[in-house]
Amino acid sequence: MTKPSSREPDHRPFAFVLFGGTGDLAMRKILPALYAAHRDGLLAPDGRIVSVAQTALDTSSYLRWVDEHVKPYIPGTAIDDSVWRSFRERIAYVALDASQPDAFSLLSDTLGAGRGRRIFYLATGPALFVPICRALASVGLTEGSRVVLEKPLGYDLDSSNAINDAVGQIFNEDQIYRIDHYLGKEAVQNLLALRFGNSLFEPLWRREWVESIQITVAEELGVEGRGNFYDQTGALRDMVQNHLLQLLSIIAMEPPQSMEADAVRDEKLRVLRALKPLLGEEIRQSVVRGQYHAGAIKDTTVCAYHAESGVRQGSTTETFVALKVEVENWRWAGVPFFLRTGKRLAGRIAEIVVNFKPVPHSALGAVALRPGSNRLTIRLQPNESIRLSALAKQPGMGMTLQGVHLDLAFDQFFQQDRMEAYQRLLLDVIAGRLALFVRRDEQEAAWRWVAPIIEDWATQGSLPKPYASGTWGPAAASALLARHNTCWQEEEN
Ligand code: BG6
């Protein structure tokens, strides 16, 4: 059967089973995204949502929890009461302890037989992924079903392999949807459109013309009540291993033959496998770890990472990482990719900056030889935009060059609402579209690449460098770029 294309409503019945139904992710992202899809008429009338969690509730008390906790996270305009009521009618609640396989017959009874596609969304800790999959298999619920695995999928290469092996014995790879919500962002989709829908950039998108590339995902938020989880994770595992390496692979990949899931994922995989391994001394040279101290974000004083609840005393977990990465292939050899992410930074910005080489000879003065005069800035969030920076002549006598910009602000150009990442991804799971989900080999390649860094930090007892909240991270992150004769975009004068 042909799958409906991206925004086409899919009206085949489904059961969406949400493990972790009372959790943070369900509350902030998954249920709001399902509501938005329902409101926009993109869910089949026969689509049911079955929330599962350990808390002893019945459906009506769970619905009261949903009213109270989920509504505040619904983006966009005011909630229409009748639409909200009809959304609630889709929802049932099953209380069960996911670590107790015997309890799963209750779920099986609730789902009944032959009611369309089944999607099991595991918004739980990774320790429950395998027990849940095994229990689903034991009550005969896995055949023809899809399973969605939230990040973090494991803690390192070995633990993620162990989960993937065990889940892979129960579900085929094409039944497994590994979420990286960055892949669902409109702006990230747009990267594909920009690169592969235009002939303009492709000839320049290579080592002959590109001097360096920066990828920044900066957050103003701290650990937001997730201190316990975050302290065992850190920025390298939480952001670099997945979101940043995915962005890098989309920026650096070869044009895929089609937009079929495996055509795109094969090309991303090639990039991940071509990442130059960082080993030993190179890690000290090319990676900066930081941890936030007290400071101010937009005039509000915020505490140090150490003072966040759930964070161990004397913790050396990093809340900031900057790295210099190289892609060892014909297109990119020798071009540095600078990646950076952190919490409690000076702004919430996700952007990619492609710095082109200056002219080889300037008849127009030294300014034309300055690195960074020609650059493409792709702002992913907030306020998605593309800016092309170039040089132009200042009006009047003489020939003085000055930087100018060609700007495209997407929200001014397109009046349509943007679809939230989770909404797009959930609709894709329901419709069976795998292109925006991470294949096992991609995930493995990413873990393999970060593994030596994790190991080096552990064995060398590396300490994160302090930075004040509300700044752009430790000074060492600027020094990393200065050594390559460049600077982070916001440091430009
Ligand atoms: C999540 C991380 O994957 O991404 C969080 O676990 C982080 O720590 C979040 O805050 C950032 O996502 P976004 O969409 O707000 O940029």
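As the structure lists them, so they are numbered: ligands from 1, and atoms in each ligand from 1. Computation of the quantities below employed the complete heavy-atom set of this structure, encompassing side-chain atoms and omitting hydrogens, waters and symmetry-equivalent molecules. All values derive from a computational prediction rather than experimental measurement.
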**Student:** Give me the nearest non-hydrogen protein atom to atom 16 (O) of ligand 1 as residue plus atom name, then the distance to 0.1 Å.
**Tutor:** Y182 OH, 2.5 Å

**Student:** Evaluate the ring planes of F87 and W84, with Trp represented by its six-membered ring, and classify them as parallel (under 30°), tilted (30 to 60°) or perpendicular (over 60°).
**Tutor:** tilted

**Student:** So, using side-chain hydrogen bond (donor to acceptor under 3.5 Å, both in side chains) as the criterion, who are the partners of Y121 when residues are at least two apart?
**Tutor:** E150

**Student:** By the definition side-chain hydrogen bond (donor to acceptor under 3.5 Å, both in side chains), identify the one residue from Q443, E442, E444 that meets it with R440.
**Tutor:** E444

**Student:** Run down the list K185, K151, K29, E219 and name the one with the heavy atom closest to atom 10 (O) of ligand 1.
**Tutor:** E219

**Student:** Side chain to side chain donor-acceptor pair (under 3.5 Å) for N242 and Y182? Distances and angles first, verdict last.
**Tutor:** CA-CA 9 Å; N242 34 67; Y182 265 64; over 6 Å; no

**Student:** If we only count heavy atoms from C-beta on, is the L122 to V148 side-chain gap below 4.5 Å?
**Tutor:** no

**Student:** In the structure I gave you, are the side-chain heavy atoms of Q460 and R284 within less than 4.5 Å of one another anywhere?
**Tutor:** yes

**Student:** Please list, in number order, the atoms of ligand 1 under 4.0 Å from a heavy atom of K343.
**Tutor:** 5 (C), 7 (C), 8 (O), 10 (O)

**Student:** Start with the C-alpha distance between H181 and Y422, add both sets of side-chain angles, then the distance that settles ring-ring contact (aromatic ring centres under 6.0 Å, His included), and finish with yes or no.
**Tutor:** CA-CA 6 Å; H181 78 279; Y422 269 94; 5.7 Å; yes

**Student:** For ligand 1, which part of Y230 has a heavy atom less than 4.0 Å away: the side chain, the backbone, both, or neither?
**Tutor:** neither

**Student:** Any atom of ligand 1 sitting under 4.0 Å from a heavy atom of D238?
**Tutor:** yes

**Student:** For E150, which part has a heavy atom under 4.0 Å from ligand 1: side chain, backbone, both, or neither?
**Tutor:** neither

**Student:** If you count the atoms of ligand 1 from 1 in the order shown, which ones are under 4.0 Å from a heavy atom of R348?
**Tutor:** 15 (O)

**Student:** How far is atom 5 (C) of ligand 1 from its nearest protein heavy atom, and which residue and atom is that?
**Tutor:** R226 NH2, 3.1 Å

**Student:** Return yes when H181 approaches ligand 1 closer than 4.0 angstrom through a heavy atom, no otherwise.
**Tutor:** yes

